[in-house]
2 protein chains.
Amino acid sequence: MSINTYNCGSVKRLSELFKLLSEPNRLKILCSLGLECRPVSDIIEDTGLSQTNVSFHLRALRESELVHPERKGAFIYYCLPDPELLRLLKDFSDWMENHGSSNETITGKKKAAQ
Amino acid sequence: MSINTYNCGSVKRLSELFKLLSEPNRLKILCSLGLECRPVSDIIEDTGLSQTNVSFHLRALRESELVHPERKGAFIYYCLPDPELLRLLKDFSDWMENHGSSNETITGKKKAAQ
DNA sequence: TACTCATATGTGTTATCGCTCATATGTGGT
DNA sequence: ACCACATATGAGCGATAACACATATGAGTA
């Protein structure tokens with residue numbers, strides 16, 4: 001057992017978290033946010049997504065508290081309440097690179113190495 | 001920039017990885033695998049999923065090289081080629097706990113464990 | 001008050017996903 | 001060769017997700 005059984009109790013919640021991160025545009029939004037709080041308009045410009053779409057994804061992120069809104073006048077600034085999340089994303093990203101097996105890529109994009 | 005811009009180049013691939021992990025049953029399968037190589041029959045018993053369903057998910061995991069099959073007689077053993085993945089999962093799981101915000105739980109369903 | 005800008009929300013459409021059923025493939029034993 | 005068992009695969013169905021459109025809310029300003 002030990003690490004084998006792993007934390008399978010929280011699989012449900014864990015999968016919900018991953019589901020949130022499994023949407024490229026939502027990831028983009030999180031990345032665009034980075035460590036700063038930014039108004040939606042910035043995110044829109046940054047990601048190139050439609051206003052509706054950004055708002056749509058922000059809702060999902062907000063409801064699971066991955067981001068958190070702050071009014072400032074007419075603008076609403078979104079922040080990552082826990083920037084540690086970025087580190088986790090980076091860990092995964094790095095792992096993917098080294099995983100070497102390489103082409104995760106369903107998209108057919110192949111990369112040289114690390 | 002720095003961590004802000006993050007690795008937004010590989011957002012696509014990262015999201016694909018997360019999509020794989022966003023399915024509770026796929027997560028269960030990975031957990032059930034743990035560090036050992038195990039035949040499909042074990043996974044089926046362990047997870048309580050149907051044979052077809054397990055096979056279905058194994059295909060997805062296999063095709064992205066998150067697991068890797070090894071024939072042994074009539075049986076096919078599946079392994080995690082890179083157990084580091086389990087650590088990443090654990091990191092996320094831990095983060096979720098501490099994230100405190102608590103109820104990720106979009107479904108509103110609160111669960112102790114099982 | 002009315003008008004503008006920033007953002008959110010409800011509805012409907014389309015695509016994708018997870019699952020199951022039935023069946024196929026592959027392996028070992030007789 | 002046949003049979004039993006382990007696993008994989010393809011087709012089809014129902015649920016859900018992402019998106020756009022139109023519209024609503026809410027803040028600021030005049």
Side-chain angles (χ1 to χ4, degrees), chain A residues 11-12 14-30 32-33 37-79 104-107, chain B residues 11-30 32-33 36-79 104-109:
Chain A
V11 155
K12 191 90 200 303
L14 196 52
S15 69
E16 283 168 6
L17 174 55
F18 284 137
K19 181 158 296 169
L20 282 168
L21 301 173
S22 72
E23 229 294 313
N25 291 332
R26 261 182 322 248
L27 266 185
K28 262 192 215 153
I29 291 175
L30 289 177
S32 145
L33 239 43
C37 295
R38 309 182 69 192
V40 180
S41 50
D42 275 22
I43 303 178
I44 292 171
E45 189 179 1
D46 224 65
T47 59
L49 301 174
S50 74
Q51 183 268 316
T52 311
N53 199 7
V54 167
S55 207
F56 169 74
H57 285 303
L58 278 177
R59 162 147 68 167
L61 294 170
R62 188 195 331 132
E63 284 177 346
S64 2
E65 308 182 42
L66 286 190
V67 305
H68 129 270
E70 264 179 48
R71 267 226 110 96
K72 269 179 185 156
F75 292 73
I76 299 187
Y77 282 68
Y78 276 86
C79 327
E104 213 62 42
T105 200
I106 295 134
T107 58
Chain B
V11 155
K12 192 89 198 306
R13 287 195 19 224
L14 197 50
S15 69
E16 283 167 5
L17 174 55
F18 284 137
K19 182 158 295 168
L20 283 168
L21 300 175
S22 71
E23 228 293 312
N25 291 333
R26 261 182 323 249
L27 267 184
K28 265 192 213 154
I29 290 174
L30 290 178
S32 144
L33 239 45
E36 304 175 45
C37 295
R38 308 182 70 193
V40 181
S41 51
D42 275 22
I43 304 177
I44 292 172
E45 190 179 1
D46 224 64
T47 59
L49 301 174
S50 76
Q51 183 270 315
T52 311
N53 198 8
V54 167
S55 207
F56 169 73
H57 285 303
L58 278 176
R59 163 147 66 167
L61 293 170
R62 188 195 332 132
E63 283 177 347
S64 2
E65 307 182 43
L66 287 190
V67 305
H68 131 267
E70 264 179 45
R71 267 225 109 96
K72 271 178 184 157
F75 291 74
I76 299 185
Y77 282 68
Y78 276 88
C79 328
E104 216 62 41
T105 202
I106 293 130
T107 57
K109 198 183 159 201

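Letters A, B, ... are given to chains in the order of the sequence lines, protein chains preceding strands, and every chain is numbered from 1.
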[N] OP1/OP2 closer than 4.0 Å to side-chain N/O of [X]:
X: B/Arg59; N: D/dG10; result: yes
X: A/Tyr78; N: C/dA6; result: no
X: A/His57; N: D/dA17; result: no
X: B/Ser41; N: D/dT7; result: yes
X: A/Arg26; N: D/dA18; result: yes

Rounded off to whole Å, could you give me the [atom1]-to-[atom2] distance for the [X] and [N] pair?
X: A/Lys19; N: D/dA15; atom1: NZ; atom2: C1'; value: 11 Å
X: A/Phe18; N: C/dG18; atom1: CZ; atom2: C1'; value: 19 Å
X: B/Glu23; N: D/dA15; atom1: CD; atom2: P; value: 16 Å
X: B/Arg38; N: D/dA6; atom1: CZ; atom2: C1'; value: 16 Å
X: B/Lys28; N: C/dC19; atom1: NZ; atom2: C1'; value: 14 Å
X: B/Tyr77; N: D/dT7; atom1: OH; atom2: C1'; value: 14 Å
X: A/Asn53; N: D/dC21; atom1: CG; atom2: C1'; value: 13 Å
X: A/Leu61; N: C/dT7; atom1: CG; atom2: C1'; value: 15 Å

The test is side chain to side chain contact (heavy atoms under 4.5 Å, CB included); show your working for A/Leu21 and B/Leu14 and say whether it passes. CA-CA 9 Å; A/Leu21 301 173; B/Leu14 197 50; over 6 Å; no

State, to the nearest 10°, the angle formed by the axis through the first five base pairs of the helix from C/dT1-D/dA30 to C/dT30-D/dA1 and the axis through its last five. 20°

Among the nucleotides C/dA22, D/dT7, C/dA8, whichever has the atom closest to the side chain of B/Thr52 is C/dA22

Of A/Phe56 and B/Pro39, the one whose nearest nucleotide on DNA chain D sits closer to the 5' end is B/Pro39

Identified side chain to side chain donor-acceptor pair (under 3.5 Å) counterpart of B/Tyr78 within the set B/Arg62, B/Glu70, B/Glu36, B/His68: B/Arg62

[X] [atom1] to [Y] [atom2] distance, which is reported to the nearest 0.5 Å:
X: A/Leu58; Y: A/Leu49; atom1: CG; atom2: CG; value: 10.0 Å
X: A/Ile76; Y: A/Ser41; atom1: CD1; atom2: OG; value: 10.5 Å
X: A/His57; Y: A/Thr52; atom1: NE2; atom2: OG1; value: 11.0 Å
X: B/Leu20; Y: A/Ser15; atom1: CG; atom2: OG; value: 13.0 Å
X: A/Leu17; Y: B/Ser22; atom1: CG; atom2: OG; value: 10.5 Å

Testing B/Lys12, B/Arg13, B/Lys19 for salt bridge (charged side-chain N to carboxylate O under 4.0 Å, His left out) with B/Glu16, which one passes? B/Lys12

Counting primed atoms plus P, OP1 and OP2 as sugar-phosphate and everything else as base, spell out the protein contacts along nucleotides 25-30 of chain C at 4.0 Å heavy-atom distance: B, S or - for each nucleotide, 5' to 3'. -SSS--

Side chain of [X], backbone of [Y]: donor and acceptor closer than 3.5 Å?
X: A/Ser55; Y: A/Gln51; value: no
X: B/Thr47; Y: B/Ile43; value: yes
X: A/Ser32; Y: A/Lys28; value: no

Determine whether B/Arg26 and B/Leu66 satisfy the following criterion, side chain to side chain contact (heavy atoms under 4.5 Å, CB included), listing intermediate values before the conclusion. CA-CA 11 Å; B/Arg26 261 182 323 249; B/Leu66 287 190; over 6 Å; no

Would you jot down, in residue-number order, the residues of residues 42-51 of chain B having a non-hydrogen atom under 4.0 Å from DNA chain C? B/Ser50

